[in-house]
Visitor: 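Handing you a structure now.
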Amino acid sequence: MDASERSADELANMRYFSTDSDLVDRSHLSEAELAQCVQVMQALHQWQNAARALSAASKRYMKLNESDMRAIRMLIRAKQQGQIITPKDIAREVEISSASTTKLVDRLVAGDHVIRSRIPATGVQRALRSLSTLGAQPTTQSGVSTPEGSPPPRL
């Protein structure tokens, strides 16, 4: 019987991790320690599934692919840390060619996720900035930071 023939109940009850293994010598671990190891692995598995589901939902909502999402996350982190990011930085981070980076940046600009600007020091090189307010300090209309405990800005 292959995985496609298994019932949903069988798949739900399948254990991905167990206390017995022929790959690692676990003879020095107590039953309680083995159980803790299994719990950690199960928690990591659940976290990974949740991260995948969040990534898929974000991609559907924002209509972006994985490279686009990686670039946006990089730009949001850079914005939070006050760093300037260039297309070359994105190419390095996402591990794509300069031609692919140009297409990626064009998609992000067209989708109103990113803006291009010139780096003041050089006036030539292009800087990229996320338009997301994620992680940004909320401000009032006058530009003054909102008090502690205020709700975060909405995307």
Side-chain angles (χ1 to χ4, degrees), residues 3-4 6 8-9 11-19 21 23-24 33-155:
S4 63
R6 293 186 181 134
D9 287 337
L11 289 175
N13 293 324
M14 186 170 73
R15 292 186 63 183
Y16 285 91
F17 310 102
S18 69
T19 56
S21 173
L23 301 175
V24 178
E33 291 169 327
L34 287 173
Q36 283 181 331
C37 291
V38 170
Q39 287 176 339
V40 167
M41 295 303 292
Q42 288 170 333
L44 287 171
H45 179 71
Q46 290 169 349
W47 175 80
Q48 185 178 36
N49 285 341
R52 281 190 197 127
L54 177 62
S55 178
S58 295
K59 285 192 279 188
R60 281 192 309 274
Y61 174 73
M62 297 175 77
K63 296 179 178 30
L64 301 171
N65 65 36
E66 182 61 30
S67 294
D68 298 344
M69 294 297 295
R70 287 177 63 193
I72 287 177
R73 283 192 297 268
M74 177 189 190
L75 288 163
I76 290 170
R77 281 191 314 268
K79 184 177 181 180
Q80 291 169 337
Q81 297 170 8
Q83 296 176 340
I84 295 173
I85 298 297
T86 66
K88 192 174 199 174
D89 297 322
I90 289 178
R92 209 171 312 130
E93 173 75 14
V94 182
E95 299 175 334
I96 57 177
S97 70
S98 60
S100 295
T101 302
T102 299
K103 290 178 183 179
L104 181 151
V105 170
D106 289 345
R107 280 193 306 273
L108 296 181
V109 169
D112 291 328
H113 300 289
V114 170
I115 60 170
R116 290 181 174 106
S117 61
R118 295 201 183 274
I119 297 175
T122 66
V124 177
Q125 193 175 20
R126 294 284 183 164
L128 301 172
R129 188 168 54 93
S130 167
L131 292 175
S132 170
T133 56
L134 183 66
Q137 180 69 22
T139 59
T140 63
Q141 286 182 340
S142 66
V144 177
S145 294
T146 58
E148 290 288 322
S150 296
R154 299 188 68 111
L155 291 176

Visitor: Can you find a heavy atom in the side chain of Met74 that is under 4.5 Å from one in the side chain of Arg70?
Guide: no
Visitor: Report the C-alpha separation of Gln42 and Val38 in whole Å, then their side-chain angles, then the decisive distance to 0.1 Å, and conclude whether the side chain to side chain contact (heavy atoms under 4.5 Å, CB included) test is met.
Guide: CA-CA 6 Å; Gln42 288 170 333; Val38 170; 3.7 Å; yes
Visitor: Apply side chain to side chain contact (heavy atoms under 4.5 Å, CB included) to Glu95 and list each qualifying residue two or more places apart in sequence or on a separate chain.
Guide: none
Visitor: Side-chain donor-acceptor pairs under 3.5 Å in residues 101-110, sequence neighbours left out?
Guide:
| residue | atom | partner | partner atom | Å |
| --- | --- | --- | --- | --- |
| Thr101 | OG1 | Ser97 | O | 2.8 |
| Thr102 | OG1 | Ser98 | O | 3.0 |
| Asp106 | OD1 | Arg116 | NH2 | 2.3 |
| Arg107 | NE | Asp68 | OD1 | 3.3 |
| Arg107 | NE | Asp68 | OD2 | 3.1 |
| Arg107 | NH2 | Asp68 | OD1 | 2.7 |

Visitor: For Thr86 and Leu128, work out which heavy atoms get closest and say how close.
Guide: C-CD1, 4.1 Å
Visitor: Working note: Glu93 + Ile90, criterion side chain to side chain contact (heavy atoms under 4.5 Å, CB included); need CA distance, chi angles, decisive distance, verdict.
Guide: CA-CA 5 Å; Glu93 173 75 14; Ile90 289 178; 5.6 Å; no
Visitor: Find out whether Leu75 and His113 are in side-chain contact, i.e. whether some heavy atom of one side chain is under 4.5 Å from a heavy atom of the other.
Guide: no
Visitor: Ala71 and Val94: which non-hydrogen atoms are nearest, and at how many Å?
Guide: N-CG2, 4.0 Å
Visitor: Does a salt bridge link Glu66 with Arg52, judged by any charged N lying under 4.0 Å from a carboxylate O?
Guide: no
